[in-house]
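Read the structure below first, then the notes.
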Amino acid sequence: MAKGAKLPGSLPQLKPRRKESKSLKRKREEEELETLEKAAQEFDASNLTKFTDLPLSRQTASGLDKSHFKVPTDIQRKAIPLALKGKDILGAAKTGSGKTLAFLIPVLEKLHRAKWTPDDGLGALIISPTRELAIQIFEVLRKIGQRHSFSAGLVIGGKNLQDERERLGRMNILVCTPGRMKQHLEQNPDLDTYNLQILVLDEADRILDMGFKDAIDAIVQGIPKSRQTLLFSATQTKNVNDLARLSLKDPEYVAVHEAASAATPGKLQQHYIVTPLPEKLDILWSFIRANVKSKILVFFSSTKQVRFVYETFRQMQPGIPLLHLTGKQKQTARLEISAKFSSSKNSCLFATDVVARGLDFPAVDWVIQVDCPEDADTYIHRVGRTARYERDGRGVLFLCPTEEKGMLERLKTKKVPIEKINVKQNKKQSVQNQLQGICFKDPEIKYLGQKAFTSYTRSVYVQKDKEIFDLEKLPLPEFATSLGLPGAPRIKFLKGEDTKQRKNAPRALLKDEDSSEDDESGEDVKKEKKKEVRTKYDRMFERQNQNIFTSHYTGMVRHGEEEEEEEKDEDFLAVKGHGYGSDTEDNKGPNNGQKFIQVHGKDPMLVDSKRREKLATSKKALLKYKGKGTKLVFDEEGEAHAIYEFEDEEAFRKAGDAEEQRGKFLEEEKKKVSVADEEDKSVAKEKRRAKREKQKARALEGEDDGEEEGFTGGLPLIPYEDFDARREESDGDEAPELVEEKRPAKKQKKWFEDDSEEEREKKKKAKRKSKVVEMQEEPETLDDLEALAAGLLA
Ligand SMILES: Nc1ncnc2c1ncn2[C@@H]1O[C@H](COP(=O)(O)OP(=O)(O)OP(=O)(O)O)[C@@H](O)[C@H]1O
């Protein structure tokens, strides 16, 4: 953009200004904010065609422009003006229709208009059901918020709690997953939500289902009711109970596509095929082979199936790069795979529902649902990974004959236009022989196949819609054969299990899958064994498929055995020398030449060398045989007492049943601990608030004292110096009309007021160093992102 060119936004652009007194500057800013607020309240959405028509701050307008967002989508056109007026929103629009911006723009504007500063703490909380989606939202926030000076952070787990802890207390905007956020709220007194202005739930229906209930209730409990709340999803909840849980105030229901004939994007072609379960992999393989120049996303219902198909198909070399993504992978691997699939032109990603919602992989050609989704909403989200924002795409759903009728009815009710297609039988290639060969050669893959089989059957078993999912009608032995297995693994599910509850909490299924790794015979056995402390190796021995241990594990086990044997050998080593420390004949042992040591009360020990003798008589060794000391407490008279003393038995009996007394005692102690904990937390929070307010007052004082004009242009969600460095490096075309001046030194200091001068210097140096690295490239890893998330904490 040329120097002096007009910036988007209806408000006057930022220009280089002469020095302006602080009070004048503040007055001008207040006036601007008032104008903005008034414009938002009076805004007539019917006039909205471009983002520049919206009453937005210069910072947001500039961020949108820089990210090349010019024309709002339907949901953005309807939801943003209402959200800018401060309304609670229930937003529903098709997949890929731009809901992310529909809530991020109001978030930035809300804090901007509240004159939010880093000292004000947490102002906005955005909750996402998965880590990947949270990261994606954070990236968009970083782009469009690049001119604001808020600090933003990601709270998604996969990192040390303590590492995240200190930073969080200073964040203005957090993008989080529910579980991790709950954990922080419970354990981190630095994280204070008392001032929260706006709460966003992306994929709201998912977040409000049973799987996240505890976490969401805990989060909502701690935030002010007076906040604004925005809920978005392609399959929105209108459940009154859900909305009551969030205390929404007269929410506006913004459903832009409700009157549309289809709930899915217009440019999406949707088909289904009906296939017997044992032929699914043949069809999938043949499909992939016929589309090696495409970008394909394939959904399965469990992690084990994903891994089995990925491992076997990889060996069969289909001629297209294969990837796999599940919630069981490490966070770094998940990020890497997402990035690979995003940037690839042609590849095939096998995945579980961890990528079903919200993820915006560019230009996916095909979405194949090999396993029937649990309901029509899940179908809509999965298929919505293609045909996003004006692009076209195709989806194919594989249905077993028993699933066809029920699933089609569900899809029809949800307005999903889907047509039947048939598989060309002459193009279908059977992979059964190849899979058999692979399983035969590689016992680990065979084991994986067995796990894939049990996981699939379990996933069908736990579904609540029994009209669609009927395990008894599935040809399971044939299915096992189609996976290349010599027979169907035994499956045994827990009787009387609360299926409904399990279904409502898909995570429970995942957990179950995890544990089934250890024991195929079901949970009955697991519960019994729970009491014992079992190691990884114990669990491996208990597996029924011991013959498939890798050589590595077998080696480890053998090594362990060898060590034990060595120890035994040592016990029986022949010894030289004379009896030692023995005052009886017996202690001399069978040979006269043997040495023994006897410690009081213990069996004599055989000693064969000086070293062994020294070891056996060392203080450390002897300590083992000493009795444990007794801990005493002294009263005020100096009398020693045992820590716990029995009370008078008669009085105890009078007080009632022992069990009852025990329960009462525990209850009281629990209460005491929880009260003390609450008190500690609130004291810590109070201190923090006071500190923040002090800091804020000091910062304002600093502004008034200073002669120089303050920071005006806003900053991306990165440290100040980085932004300056980048501006220096830039070719001058980047928003030259914005004027940033270095923050007064006073402001910088405030974060470190408790540190010594020397420590402060050290920290500054270290930060300067790390920033240089940060700026050299775009964030690639979670660490990079988190470094950026540090925001103003420079
Ligand atoms: N106004 C716009 N102009 C151009 N592209 C846009 C606009 N709004 C959103 N997009 C693009 O559309 C794509 C989909 O947007 P987004 O991920 O927000 O959709 P969504 O409605 O949240 O989808 P889902 O329901 O699957 O979560 C993204 O690549 C985004 O960059």
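As the structure lists them, so they are numbered: ligands from 1, and atoms in each ligand from 1.
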Counting each atom of ligand 1 from 1 as listed, which ones have a heavy atom of F69 under 4.0 Å away?
-> 2 (C), 3 (N), 4 (C), 5 (N), 6 (C), 7 (C), 10 (N), 31 (O)
Mind checking whether V71 has an N or O less than 3.5 Å away from an N or O of ligand 1?
-> yes
With the side chain counted from C-beta on, respond yes when L64 and I105 share a heavy-atom pair under 4.5 Å apart, and no when they do not.
-> yes
So which protein heavy atom does atom 21 (O) of ligand 1 come closest to, and at what separation?
-> K99 NZ, 2.8 Å
R58 bridged to E32 by N-O distance under 4.0 Å = yes
Quick check: does L101 get an N/O under 3.5 Å from an N/O on ligand 1?
-> no
H68 to ligand 1, any heavy atom closer than 4.0 Å | no
Salt-bridge contact K213-D217 (side-chain N to carboxylate O under 4.0 Å) | yes
Answer yes or no for S97: is there a heavy-atom contact with ligand 1 below 4.0 Å?
-> yes
Cationic N near anionic O, under 4.0 Å, D74 to K99 = no
Among D74, T100, L104, which residue places a heavy atom closest to atom 22 (O) of ligand 1?
-> T100
State if R385 counts as touching ligand 1 under the rule of any non-hydrogen atom under 4.0 Å.
-> yes
Quick one: does E203 get an N or O within less than 3.5 Å of an N or O on ligand 1?
-> yes
Establish, for the pair K414 and Y379, whether the NZ or CZ atom is under 6.0 angstrom from the six-membered ring centre and no further than 45 degrees off its axis.
-> no
heavy-atom search around atom 28 (C) of ligand 1 in the protein gives D360 OD2, 3.0 Å
Heavy atoms only: which of A102, G96, P72 is nearest to atom 24 (P) of ligand 1?
-> G96
Proximity to ligand 1 by part of R388, non-hydrogen separation under 4.0 Å | side chain
Quick one: are F299 and V370 in side-chain contact, heavy atoms under 4.5 Å?
-> no
Could you tell me if any non-hydrogen atom of F232 lies under 4.0 Å from any atom of ligand 1?
-> no
Looking only at heavy atoms of K94, does any of them come nearer than 4.0 Å to an atom of ligand 1?
-> yes
Close N or O approach (Q76, ligand 1; < 3.5 Å) | yes
Got a salt bridge between D360 and R388, using NZ or NE/NH1/NH2 to carboxylate O under 4.0 Å?
-> yes
Charged N to carboxylate O under 4.0 angstrom, R334 versus E132?
-> yes
Name the one of D375, D465, D377 that satisfies side chain to side chain donor-acceptor pair (under 3.5 Å) with R410?
-> D465
Taking only heavy atoms of F51, which atoms of ligand 1 are found under 4.0 Å from at least one of them?
-> 1 (N)
So, do L208 and L231 sit near enough that their side-chain heavy atoms are less than 4.5 Å apart?
-> yes
Taking only Lys NZ, Arg NE, NH1 and NH2, and the carboxylate oxygens of Asp or Glu, determine whether K249 and D88 approach each other closer than 4.0 Å.
-> yes
Nearest non-hydrogen protein atom, atom 3 (N) of ligand 1 = Y389 OH, 3.2 Å
